[in-house]
Amino acid sequence: MSIEHPSFGKLDDNRIIIFDTTLRDGEQSPGFSMNLNEKIRMAEALAELGVDVMEAGFPIASPGDFESVKAIAESLGQRDDTPVICGLARTGREDIFSAADAVRPAKRKRIHIFLSTSPLHMKYKLRMEPDEVLQLASDSVVLARNFADDVEWSAEDGTRTDPDFLCRCVEAAIKAGASTINIPDTVGYALPEDMTRIFTMIRERVPGADKVVLSTHNHNDLGLAVANTLAAITAGVRQIESTINGIGERAGNASLEEAVMAIRTRQDAVPFHNNIKTRNLLKVSKLLSTVTGFDVQPNKAIVGRNAFAHEAGIHQDGVLKHAATYEIMTPESVGWSKSSLVMGKHSGRAAFRDKLRSLGYTIGDNQLNVAFRRFKDIADRKKVVYDEDIVALVDDEVVRDHERVRFVSLDVHAGSKAPARAEMELEVDGEVRSAAAAGDGPVDATFRAIHAIFPHEANLVLFSVGAVTTGTDAQAKTTVRLEENGKMVDGQGADLDTIVSAARAYVHALNKLLVKRARTEPEALSA
Ligand code: KIV
Ligand code: ZN
C-alpha cells in the first residue's frame with residue numbers, strides 16, 4: 001500500500017500521521033476554552049512538537065473560533081515546515097465556506113467535514129434518511145474540494161454505524177475526493193477488537209480505500225481511547241487523532257503523548273514511525289496546563305508528576321542498579337530532567353535567554369524583559385532557582401500577554417491579631433488603579449480588593465495552591481476558577497509569595513472571563 005497524499009506526497013507504508021485536535025476537540029471540553037493569544041502560543045508549541053496536522057478550531061462555531069483558525073493559518077501556516085492547518089465543518093454550505101475562509105491563508109490547509117452515520121444520530125439528531133445522508137456526504141466533500149485539495153471526511157458515531165452503510169458512505173466520500181477517511185468513536189463505546197473489525201472491513205470492502213489515509217479518533221469514556229488507537233493502527237490506519245493531556249469532550253480524547261510513546265516503546269508490536277519530537281512532550285503538556293488552568297493528575301502516564309517517581313524501596317533499589325528494571329522508557333525521552341540549579345542572582349540577561357532556549361522557549365523581547373525582571377526578583381529572594389521555577393514564571397508571563405487587567409502590586413497585612421488587609425494596584429486598560437480591602441484572611445482581602453478595583457459578578461468556585469518545587473522557598477502555583485452565568489474559567493498564577501500567586505491567578509481568570517463574555521455562544525454543535 002503506497003498512498004499519494006495531497007499534503008504529504010508519497011507516504012511510506014509505516015508512517016503515522018499525527019493529527020492534533022487539542023485546539024478543537026480539546027478546547028470543546030468545559031472550562032478549557034483558550035483565548036486567541038493562548039491558542040497561538042499552543043499552536044507554536046504543537047508545531048515545534050512535530051504534529052503533522054493541527055485542527056485549529058471549528059470556524060463556524062463562533063467569531064472567536066473563526067479568528068483563531070485564521071490567525072494560526074496566517075502566522076504558522078506561512079512556513080513550509082509547519083503542520084497542515086485544518087478547520088472543522090459540518091456539511092452545510094455556510095460551515096464549509098467558513099472553514100475554507102479561515103484556513104485559506106495557510107500554505108498547507110485541510111477542511112475536515114463530519115456527518116453522523118449511525119442510526120441513532122441520523123434519526124434523532126439529523127432527522128434524515130440514510131440515502132439523504134449518503135448524498136450529503138458526497139455533496140459536501142465535492143463542495144469542500146473547491147477550496148482545498150486536502151479534505152478529510154469523518155463518519156460521526158462511526159463505530160455505532162451499520163457496517164454496510166458505513167462502507168457505502170466511505171465509498172461515496174472517497175469518490176467525491178476525500179483523501180483522509182476518519183471513523184470516530186464519538187461516544188467512546190468501542191473496544192479494540194471493534195477497531196480491528198471496522199478498519200479491516202473498510203480496507204477489504206471499500207473500493208479506493210487503499211488510496212486514502214484511514215484515520216482513527218477515539219474518545220475515552222471507557223478509558224480505552226489509546227488502546228483503540230493502537231488497535232486501529234495495526235488494522236491499517238495511518239492517521240491518529242489525539243490531544244495533549246488527552247483533553248476533549250467528556251472523558252477526553254486519546255492522549256497524544258500516550259499514543260506516541262506506546263508506539264515508540266513497543267516498536268516490536270507497533271512498528272511505525274512519526275515526526276513527534278518526544279522530548280518536547282512534557283513542555284507542551286505543561287504549557288497546556290498553564291493555559292487552561294488544569295493540571296494533569298499525578299499518576300497520568302508520561303506527563304504526570306509521579307510518572308517516573310519510584311516510591312517503594314525495592315523499586316528505587318532496582319532503578320539505581322539498572323533503570324530498565326522498573327522504567328520502560330527514560331524520563332529524558334519525554335522531557336523530564338533532574339531538577340538542576342540553574343542560575344543565581346548574578347546571572348545576566350544573555351545567560352537567561354540561553355537558559356530559556358535550552359528549555360525550549362523562544363520568546364519576544366518584551367516578554368523576555370518581563371520574565372527576566374521576575375527571574376531577578378526570584379533569584380534575589382530564593383536560595384536556589386530550578387528549571388521548574390523558570391518554566392513556571394515564563395509560562396505565567398505567556399498566558400498574561402495582551403490582558404486587559406494586569407497585576408501591578410500587592411501589600412498584605414495578616415496574622416492573628418487584626419483582620420487581614422490588602423492594598424492592591426491593578427492596571428486596567430492601561431490605567432493604574434488601586435484599592436484597599438479587609439477580609440477573612442489574606443486571600444479573601446486580596447480578592448475583595450480586586451473586586452473593588454474591577455467590580456464583577458463572578459463567583460469563586462475553586463481555589464487551589466500547589467508548590468512548583470520543594471522547600472519552604474518554593475514558588476506557589478495557584479488555580480482560581482470563576483463562574484459567571486454558567487460560564488466557567490480557570491486562571492493560574494505563580495509567584496514566590498502565595499498570596500501574590502493567588503492574586504495573579506484571580507486576575508488571569510478575570511481576563512479569561514472578559515474574553516469569554518465577548519465571545520458569542522456557539523449554537524448547539526456536536527462533535
Ligand atoms: O468525536 C467526533 O466524532 C468528532 C468528529 C468531529 C471527528 O470530534
Ligand atoms: Zn471527537
Side-chain angles (χ1 to χ4, degrees), residues 17-30 32 53-61 65 69 84 86-92 95-96 98-99 102-103 110-122 124-126 133 136-137 140-141 144 150-161 166 169-170 173 178-190 194-195 198-199 202 212-226 228-229 232 237 239-256 259 522-527:
I17 294 168
I18 306 292
F19 177 109
D20 179 87
T21 183
T22 307
L23 298 177
R24 198 278 299 168
D25 212 326
E27 209 233 1
Q28 265 172 238
S29 42
F32 279 79
V53 185
M54 184 189 300
E55 189 161 57
F58 193 173
I60 195 84
D65 262 52
V69 177
V84 173
C86 171
L88 183 67
R90 290 168 299 187
T91 48
D95 270 59
I96 294 173
S98 172
V103 298
R110 172 178 298 188
I111 298 175
H112 177 190
I113 297 173
F114 72 101
L115 174 63
S116 291
T117 51
S118 67
L120 262 172
H121 278 221
M122 289 192 293
Y124 295 105
K125 196 182 103 172
L126 297 179
V133 170
L136 206 47
S140 55
V141 173
D150 185 341
V151 171
E152 170 171 341
W153 183 79
S154 281
E156 191 185 6
D157 205 15
T159 52
R160 294 194 301 170
T161 296
L166 184 62
C169 288
V170 169
S179 44
T180 301
I181 297 292
N182 183 38
I183 311 296
D185 184 28
T186 304
V187 291
Y189 175 77
D194 296 322
M195 290 291 142
I198 290 169
F199 286 107
I202 290 175
V212 297
V213 171
L214 296 180
S215 167
T216 190
H217 173 116
N218 297 302
H219 281 270
N220 207 27
D221 300 66
L222 295 174
L224 290 170
V226 172
N228 287 342
T229 301
V237 154
Q239 173 178 284
I240 65 173
E241 303 197 352
S242 52
T243 59
I244 299 296
N245 295 348
I247 68 170
E249 284 277 10
R250 305 180 309 280
N253 289 62
S255 132
L256 184 150
E523 58 180 294
L525 297 161
S526 64

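Just so you know, ligand 1 is whichever comes first in the structure, and atom 1 is the first atom listed for that ligand.
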Under 4.0 Å from any heavy atom of Glu156, which atoms of ligand 1 are there? 3 (O)
Would you say ligand 1 has an N or O under 3.5 Å from any N or O of Asp25? yes
Heteroatom proximity flag, His217 to ligand 1, N/O under 3.5 Å: yes
Is there at least one pair of N or O atoms, one from Asp157 and one from ligand 1, spaced under 3.5 Å apart? no
Could you tell me, atom by atom, which parts of ligand 1 come under 4.0 Å of a heavy atom of His219? 1 (O)
Backbone, side chain, both or neither: what part of Glu249 comes under 4.0 angstrom of ligand 1, heavy atoms only? neither
Identify, with sequence neighbours excluded, every residue that meets salt bridge (Lys or Arg N to Asp or Glu O under 4.0 Å) alongside Glu241. none
Quick one: does Ser215's side chain get under 4.5 Å of Glu152's, heavy atoms only? yes
Can Thr159 and Asp185 be counted as having a side-chain donor-acceptor contact under 3.5 angstrom? yes
For Thr216, which residues count as a side-chain hydrogen bond (donor to acceptor under 3.5 Å, both in side chains) partner, sequence neighbours excluded? Asn218
Using every non-hydrogen atom in the two residues, find where Ser140 and Ile113 come nearest and quote the distance to one decimal. O-CD1, 3.3 Å
What does the angle at the Zn ion (ligand 2) come to, between atom OD2 of Asp25 and atom NE2 of His219, rounded to 10°? 100°
Applying a strict 4.0 Å limit to heavy atoms, is Arg24 in contact with ligand 1? yes
Shortest non-hydrogen contact from Ala89 toward Asp95: CB-O, 3.7 Å
dist Asp25:CG -> Phe58:CZ (nearest 0.5 Å) comes out at 10.5 Å
Does ligand 1 have any atom that is closer than 4.0 Å to a heavy atom of His112? yes
Near Pro184 (heavy-atom distance under 4.0 Å), the atoms of ligand 1 are 2 (C), 3 (O), 7 (C)
